[in-house]
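Reviewing the structure listed below.
Count residues from 1 along the sequence.
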Amino acid sequence: MKLNQRIRSTMSFSATVRSRAYIAAGFALTLGGLSACKNDSLLQVTDPDILNVSDYNTPAGADPLRLGVISNFQGAFDGSFVIDTGNLTDEMLASDTFNERLGINARKSDPVEANGSGTYSALQKARASATSVIQIIKTTQPTPAFNRGELYMIRGYSEMFLGEEFCSGIPFSSEDGVTRTYGDPLTTTQVFTTAVASFDSALAIADTSQRVKYGAQIGKGRALLSLGRFADAAAAVAGVPQSFQLLSYHSTGAGGGGMWSTTTNGATRYTLTSSEGINGLPYLAGHSDPRLPWVASTRTGFNSLFINLPNQTKYGRYDNAVIDNGIDAQLTILENTLQANTQAARQAVYDGLNKLRASGPPVVPAMTTGAPTTQDAAIDLLYSERAYWEWLNGHREGDERNLVRIYKRDPEKVFPTGALTLPLVGTYGTGTNIQVPYTELNNPKFTGCLPGA
């Protein structure tokens, strides 16, 4: 998408208002007399909702570009990423009839059928637009510097989310409006390493509110966990308040957030699930855990075979989505503690998890089973707690892939497996990620996914 096209989409509301003003002005001119039409200058009106290169390459023009990047990222995250990752894992089920959604749910992602193509394109657009606009505002709007820091943070999250959701072999291409440079396919390790560098760039430009600083710290810690660098991850998130939240904001006129639209509003294409495919966690087993708020309903899915769909109440229509938070930072620190592989470390992690439960938010009743006595059981406990704390936040696929990539777990002991959840028929496949869509073959350097999880 060209820059002026992207800017047009972010300014549509103001353009509509101005258009109405022009209509009113037209009536006034008509009433004022037809003789005014002889003045050609009155007909030479500048279209206000298009910025040309000379317009955006200024301090004032940099703002709509920056806001466009933020809009691109928020749509990619809440409108696509959280949905795809929940659908592939054990958080959600596709209550739909379209193969592009059913294939992801069944762990049979198909690049030709465009499984995940919308999310892939949206995250790549957020990443590429952030890169372009960083360079523009660096020269046209150098202050406040944290505006660039925010865009570096957005770029880091976009890169990290691509690495968490899609197969190995993702290219990062670029375009400056004149020249397109095709990126080389990157391994999953290289993608996360690239994200860490973007977060470092964000951290080099502090902001007075600490939003960029804390948000980049948590993102960097999460990317380092996916690289198996546990001590570095814990150091990266040090000092982040447990109460901190990095939010994706929504306009009250935009129709509602992604989770509400996807799982709660009418005949939805997705539904909450519990104990999916043998390995799934029992998210909906009772109503005792305040981290998993839901209520029963009589809704029917897009596929009418799905009936009485449960409604999540974590996110209402206008609630902002949580990109990351301070609780995730605390869980990162506990995961590093667990690497000591001693009973003392397992006890410390167990106590730390109970401390999180006691402080929240929300406050959760303490576990009373006692600390696990084996390392595998301790990892299971930590990751189930991660899943409950970060339910419907887009973390689950990255966590499950880490269990496979970093902890060498059998994928068939991690992801949903066996017979598909009724009323769906068939069996789950063996995928642990979503395939890079077929459209990436426009890049002559890309020939398909690389081996590995």
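- In this structure, Met160 CE and Leu123 CG are separated by 10.5 Å, a value rounded to the nearest 0.5 Å.
- Looking only at distances, no side-chain donor or acceptor of Gln312 sits under 3.5 Å from a matching main-chain atom of Thr263.
- A donor-acceptor pair is defined here as one N or O able to donate and one able to accept, closer than 3.5 Å; such a pair exists between the side chain of Ser274 and the backbone of Leu284.
- Remark: side-chain polar atoms of Glu100 are not paired, donor with acceptor, to backbone N or O of Gly116 under 3.5 angstrom.
- Checked for salt-bridge contact, Glu385 and Arg357 meet the test: a charged N lies under 4.0 Å from a carboxylate O.
- Remark: Glu159 pairs with Arg155 by the salt bridge (Lys or Arg N to Asp or Glu O under 4.0 Å) rule, at least two apart or across chains.
- Among residues two or more places apart in sequence or in another chain, the salt bridge (Lys or Arg N to Asp or Glu O under 4.0 Å) test is passed with Glu165 by none.
- Ala223 and Val196 get closest at one heavy-atom pair: CB-CG2, 3.8 Å.
- Side-chain contact check for Lys108 and Asn115: no donor-acceptor pair (N or O, by modelled atom type) lies under 3.5 Å.
- Nearest approach of Val82 to Leu392, heavy atoms of both residues: CG1-O, 3.4 Å.
- One side chain, Asp90 or Tyr283, offers a donor N or O that lies under 3.5 Å from an acceptor on the other.
- Judged by distance alone, with hydrogens and angles left aside, the side-chain atoms of Gln124 form no donor-acceptor pair with the main-chain N or O of Ser121 at under 3.5 Å.
- The OH atom of Tyr388 sits 6.5 Å away from atom CG of Leu292, with the distance rounded to the nearest 0.5 Å.
- Across every non-hydrogen atom of Trp260 and Gly316, the tightest pair is CB-O, 3.6 Å.
- For the atom pair Phe166 CZ and Ser117 OG, the distance stands at 8.0 Å (nearest 0.5 Å).
- The backbone N or O of Ala371 lies less than 3.5 Å from no partner atom in the side chain of Arg346, so there is not a single donor-acceptor pair.
- Partners of Arg229 under the side chain to side chain contact (heavy atoms under 4.5 Å, CB included) rule, at least two apart in sequence or in another chain, are Leu224, Leu227, Asp232.
- With rounding to the nearest 0.5 angstrom, the CZ atom of Arg386 is 12.5 Å from the CD1 atom of Ile379.
- The structure places CG of Asp96 at 9.5 Å from OG1 of Thr268, a figure rounded to the nearest 0.5 Å.
- With sequence neighbours excluded, the residues forming a side chain to side chain contact (heavy atoms under 4.5 Å, CB included) with Pro171 are Tyr120, Glu440, Asn443, Phe446, listed by chain and number.
- Checking Thr432 against Glu400 by side-chain atom types alone, no donor-acceptor pair falls below 3.5 Å.
- The minimum heavy-atom distance between Gly169 and Pro185, with the atom names listed, is O-CB, 3.4 Å.
- Counting only distance, with no hydrogens or angles, the side chain of Asp207 and the backbone of Arg211 share a donor-acceptor pair below 3.5 Å.
- Heavy atoms from other residues, nucleotides or ligands lying under 6.0 Å from NZ of Lys355 number 12 at most.
- Between Arg222 and Asp324 there is a salt bridge, since at least one side-chain N of the basic residue sits less than 4.0 Å from a carboxylate O of the acidic one.
- Side-chain atoms of Arg180 never come within 3.5 Å of backbone atoms of Ser174 as a donor-acceptor pair (strictly under, hydrogens ignored).
- Glu390 has no carboxylate O lying under 4.0 Å from a charged side-chain N of Arg291, or vice versa, which leaves the two without a salt bridge.
- Taking 4.0 Å as the cut-off between side-chain N and carboxylate O, Asp380 and Arg409 count as a salt-bridged pair.
- Put simply, the side chain of Ser158 gets close to the backbone of Ile154: a donor and an acceptor are under 3.5 Å apart.
- Remark: Arg396 does not engage Asp399 in a salt bridge, criterion side-chain N to carboxylate O under 4.0 Å.
- The closest side-chain donor-acceptor pair between Gln74 and Asp78, if any, does not fall under 3.5 angstrom.
- Note that CD1 of Ile323 and OG of Ser248 are 5.0 Å apart. Values are rounded to the nearest 0.5 Å.
- Lys314 places a side-chain N or O within 3.5 Å of a backbone atom of Trp391 that can act as its donor or acceptor partner.
- Annotation: side chain to side chain contact (heavy atoms under 4.5 Å, CB included) contacts of Thr271 (sequence neighbours excluded): Leu93, Ser95, Phe306, Leu309, Pro310.
- Remark: side-chain polar atoms of Asn442 are paired, donor with acceptor, to backbone N or O of Thr439 under 3.5 angstrom.
- In this structure, Asp84 has no salt bridge (Lys or Arg N to Asp or Glu O under 4.0 Å) partners at least two apart in sequence or on a different chain.
- The aromatic rings of Tyr157 and Phe161 sit tilted, their planes meeting at an angle between 30° and 60°.
- Leu356 places a side-chain heavy atom less than 4.5 Å from the side chain of Leu331.
- Both tests pass for Arg269 against the ring of Phe302: distance under 6.0 Å to the centre and angle within 45° of the axis.
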